[in-house]
Amino acid sequence: MKRLGVYLALIFPAVLLGLWSAFPEADPRLAAPITHFYLVSFTTFAATVVSLFVIISVGETAQPRHLFLAAAFAWMGAVFLIHGATTPGALITHFHPAVTWSSWLTLFGGGVIFLISGFASSRPRPALLRVVALAISVAYVAYLVVVFAAPDLLTTLLALNSAPRVVDLVFVLTLVIWMVGAVRHYLNWRQTHHFIDGLMAFEAGWYATATVSMFRFELWRVGWWMYHVLLLLGFLIAIYALWRAYEQVRTFRLTAYFAATSLIVTAALALLAAQLYSNLAFDNLRQELEADTENLSRHMGDLIAADLPEVTTSADLSALDPQAGLAQSVWSMRLSLVSLQEVALYDNTGREIYSTMSAPGEHQPPPQPDRYQAALSGTTSALLLDPGSAVGSYQPTEADHLLLVYTPFYPAGGPDTSGPIGVLLTLRAASQLTTAQIYSRAIGLGLATVTMGALFLALLFIVFRADYLIRARARELETAYAELRQAEGLRDDLTHMIVHDLRNPLSALTANLDLIGRTLNNPAYPDAPPRFLSGARAAGQRMTGMIDDLLNVGKFEAGELRPTLVPVYLPTVLTDKVESYRSQAEKDGKTLTVRAPAELPTVMADLALIGRVIDNLLSNALKYTDPGGKIQIEAERRDSHLVVRVSDNGAGIPAAHQARIFEKFVQVTDEGGQPLRKGTGLGLAFCRLAVEAHGGKIRVESTPGYGSIFFFTLPLSPPPTT
C-alpha cells in the first residue's frame, strides 16, 4: 500500500499535465505575480538555508551521494530565489531575462548535480564536499554577475531562434538529465535499499515532470504553476528526510540552530513588513489619485455642460448629435486635461451618447451598473482596476492600474439648478501607482532586511556567546564527571589496597597470638612465646604505620597537620635510623651505610614527621633491593638547604611513573598493568606532603635495572607560618 501511494504521487502530476495538454481549455489561468513573488522568495530562501544547514551539520558523516542531494537543493533554492525576485511587478517594473533563465537553470543545474550524485561513492569524503561547495559557489556567483552586470547577454540568448531554438535545447537536455538521474538512483536504491536513494529516484522523476510543466505550458496557467508546486514540495520532503536520516549523528550547536531558524523567520518578517509598507504607501497614493481624478472628472463635466448650454434635460442629452460639436469639444478638453486618457458620456437611461473607448457606431453599456446608478443619484465614485484590465477598446500596458471615475453630469449651472441628466465616465491610467507600489515594496524590503538583519546579528552574537559558555560548561561537566569516575575508581582501589595490605599484618598478628596461646606454659617451647610476641608487635606496628600514613596524608591535605618545629641535628637522626634497620639489612644480606658530616648545622624541623619520611625511604629501599644490594643514606649542605639522599642499586622505577610516584594511590605497574611494587601508594605521598610542609622539595632519579636515588631538601631557615 505504501509503495502504491509512492507510485501514485509520482504519476499523478504527469497525468494532470497530459490531460491539460490534450484539453487546453480545462487548464485555467491563474495570474498572481505578487503571490508568486512572495511564495517563491520565502520558500526558496528557507530551502537554501536549511540545505546549507544540513550540509554543515552532517557533512563529516553523510554519504557523498546524500550530500549531493542537499547541495542540489541549495543550488536550486538559491537560483530559484532569483526567479522569484525578478518577477515583473514585484520588485521591478519590467521584464528581466533572469526570471526565465533562473527557472531554466534551477532544474538544469539541479539535474546535473543529481546525475553526478548517482555515481558518487557511498563513503564519507569531507574533501569532496568542499570541492562541490566551491564549484557550486563559483557557478552561482558567476550567474549573479551576469544577472546584474550583463542582463543583455541573457536577453540575446533568449532571442536566438535558430534551429534548434535555445529553449527547446535546454528543455530536451534538462528532461534527459532528470530521466537518466531517476534511473540511476533507482538502480542505487535496488542495491542499497536506503530510503534516501529511493527518495532521490522519486524526486528525479518528479522534476522530469516539472521540466515539462515549465517549458511546455503557458505562463500563469495551472499547468505552468505545477512545476512550482513540485519544486517546493520536493524541497520540503527531501530536506526533512535527509535531516531525519542523519539526526542521530549530528552534534547540537545552538548557534547554528539559531542562525538557520532566525534567518528563515527574519526572511518571513521582512517579506511581511515589505508588503505592509507597500500596501500602506499604495493606499495613500491611491486615495490621492482618486480624489484628484474625481476633481478632474467633475471639472471636465462642468466644461462640457458649459459648452452645451442648450442641453438642460436628459431628453436633450439623448437627442444630442455627438458629431455636432460634442466630439470636438470633448477632444479639446481631453487634451487640456492630459491626465484623463478616455471619456464616455451616458444619458440617464444608460445609453452611450459619446465615447472615446468605443469604435464609431458601437454603443456599449456603462460598466459597473451599480456605480452608474450611484452617479445618477449624485454620487461621484472611483473604481481601481488591476494591471492588465481592459475597458472597452482601450488596452492599457500590462503593468498599469486604471482608475474609472463615475461622475454625475449636470446641465450648465450645476447641481443647484437640477439633478444629474447623465453620467460622465472618465478613465485614467495610474502608472505611478504601479511604480510606487514596486518601489515601496523594494524600499520596505530593504529597510526590513537592514533593521531585522542588524537585530539578527546582535542576537546571533548573544547566542554565539551563550553557545560558547554552554559548551564550556559542558566540557567542565564532562571533566568533572571524568574526575568523579576516576575518584570512584581510586576509592575502590584504595579500599582494595587497604583491605589487602592490612590483611597481611593482621593475619600475622592473629597467627602469632594463636601460636603464643599454644606454646605458652609449654616446656617444650620455652623460647617461642617471646619470639611470637615480637612478631605480633612488629605486625601491629606495620598496621599502625599504614593507618598513620593514611590519616596524616588526609590531615596534610585538609591543612589540619602542621609541623612542630624544633632544632634537629640530622647526623644523629640518620645514624639512629640506620641502626634501627641494620639488623634487618644484615639478615637479608644487604649493606646499609650512612654518611653525614658532623659539621652539618641543625635545622628547624618536626622530628617525628622527618623521622617518618626517612623511615619510609629506608623501608622502600630495603624492600626493593635484592640480597647483596647496597643502600646508602647521606646528608650534605647545599647553599641554604640541607639535602638528604637515600640511594639503592635495586630494580629502579620506569621513567613513565617517576613523575607521578609521589601522588596518592599511584602504584608502579608493568606494561600489562600489573603492580611492580606492593603497597597503598600513600608512603611517598606522605613524604612529599611532609617535606613540602617544611618548605622543601622531594624528587627521584632512577634508571630501571640500576637503582634509584630519592632526595629531599630542608631549608635552614624555617618557612613562615600561616
Side-chain angles (χ1 to χ4, degrees), residues 31-34 36-45 47-48 71-115 134-178 207 210-221 224-228 230-232 387-388 397-399 434-435 438-439 441-442 445-446:
I34 303 305
H36 174 270
F37 163 72
Y38 284 113
L39 178 65
V40 171
S41 297
F42 173 71
T43 311
T44 54
F45 180 81
T48 304
F73 281 113
W75 165 266
M76 296 167 72
V79 175
F80 209 55
L81 179 63
I82 301 175
H83 168 77
T86 52
T87 302
L91 296 177
I92 56 177
T93 58
H94 56 282
F95 171 80
H96 194 291
V99 72
T100 300
W101 276 103
S102 295
S103 59
W104 292 359
L105 291 177
T106 295
L107 284 174
F108 179 78
V112 170
I113 300 174
F114 255 66
L115 183 59
L134 178 62
I136 293 176
S137 301
V138 170
Y140 186 70
V141 171
Y143 177 61
L144 281 179
V145 171
V146 174
V147 168
F148 290 104
D152 293 340
L153 176 61
L154 300 178
T155 303
T156 302
L157 292 175
L158 282 177
L160 292 177
N161 290 317
S162 58
R165 296 176 59 217
V166 172
V167 61
D168 295 329
L169 179 62
V170 176
F171 166 64
V172 172
L173 285 176
T174 305
L175 183 62
V176 169
I177 286 172
W178 281 113
Y207 290 151
T211 302
V212 176
S213 167
M214 181 176 65
F215 283 96
R216 288 297 179 256
F217 282 79
E218 182 184 345
L219 179 68
W220 301 125
R221 294 288 181 182
W224 175 84
W225 279 101
M226 176 70 74
Y227 89 89
H228 295 79
L230 295 178
L231 273 177
L232 302 183
T397 62
E398 190 174 344
T434 304
T435 304
I438 291 174
Y439 286 164
R441 183 180 293 112
L445 185 59

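One-based numbering along the sequence shown.
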Quiz item: Would Ile92 and Thr86 satisfy side-chain contact (heavy atoms from CB on, under 4.5 Å), going step by step from the backbone distance to the final call?
Solution: CA-CA 7 Å; Ile92 56 177; Thr86 52; 4.3 Å; yes
Which pair of non-hydrogen atoms, one from [X] and one from [Y], has the smallest distance, and what is that distance?
X      : Y      : answer
Ala98  : Ile82  : CB-CG2, 4.2 Å
Ser103 : His83  : CB-ND1, 3.8 Å
Trp101 : Leu154 : NE1-O, 3.1 Å
Asp168 : Arg216 : OD1-NH2, 3.1 Å

Quiz prompt | Residues forming a ring pair (Phe, Tyr, Trp, His ring centres under 6.0 Å) with Phe171, sequence neighbours excluded | solution = Phe215
Practice problem: Return the set of residues passing ring pair (Phe, Tyr, Trp, His ring centres under 6.0 Å) with His96 (not counting sequence neighbours), or none when no residue passes. | Solution: none
Quick one: does [X]'s side chain get under 4.5 Å of [Y]'s, heavy atoms only?
X      : Y      : answer
Ile177 : Phe114 : no
Leu39  : His228 : no
Trp104 : Val167 : yes
Thr106 : Leu231 : yes
Tyr207 : Met214 : no

Sequence-distant partners of [X], side chain to side chain contact (heavy atoms under 4.5 Å, CB included), two or more places apart:
X      : result
Ala135 : none
Thr87  : Pro33, His36, Phe37, Ala90
Ile136 : Ala71, Trp75, Ile113, Val132
Leu230 : Pro13, Trp206, Thr209, Ala210, Met226

Quiz item: Where does the angle between the aromatic ring planes of Tyr227 and Phe80 fall among parallel (under 30°), tilted (30 to 60°) and perpendicular (over 60°)?
Solution: perpendicular
Quiz item: When rounded to the nearest 0.5 angstrom, what distance separates CG in Leu175 from CG in Leu107?
Solution: 10.5 Å
Exercise. To the nearest 0.5 angstrom, please state how far the CG atom of Leu91 sits from the CG atom of Leu445.
Key: 6.0 Å
Self-check item: Heavy atoms from other residues, nucleotides or ligands near OH of Tyr439 exceed 12 (cutoff 6.0 Å)
Solution: no
Name the atoms and distances for all side-chain donor-acceptor pairs under 3.5 Å in residues 138-151, with sequence neighbours left out.
unit_1, atom_1, unit_2, atom_2, d
Tyr140, OH, Ala78, O, 3.0
Tyr143, OH, Ser102, N, 3.2
Tyr143, OH, Ser102, OG, 2.7

Quiz item: Do Ser41 side-chain atoms and Tyr38 backbone N/O form a donor-acceptor pair below 3.5 Å?
Solution: no
Quiz item: Does the Trp178 side chain pair with the main chain of Thr211, one donor and one acceptor, at a distance under 3.5 Å?
Solution: no
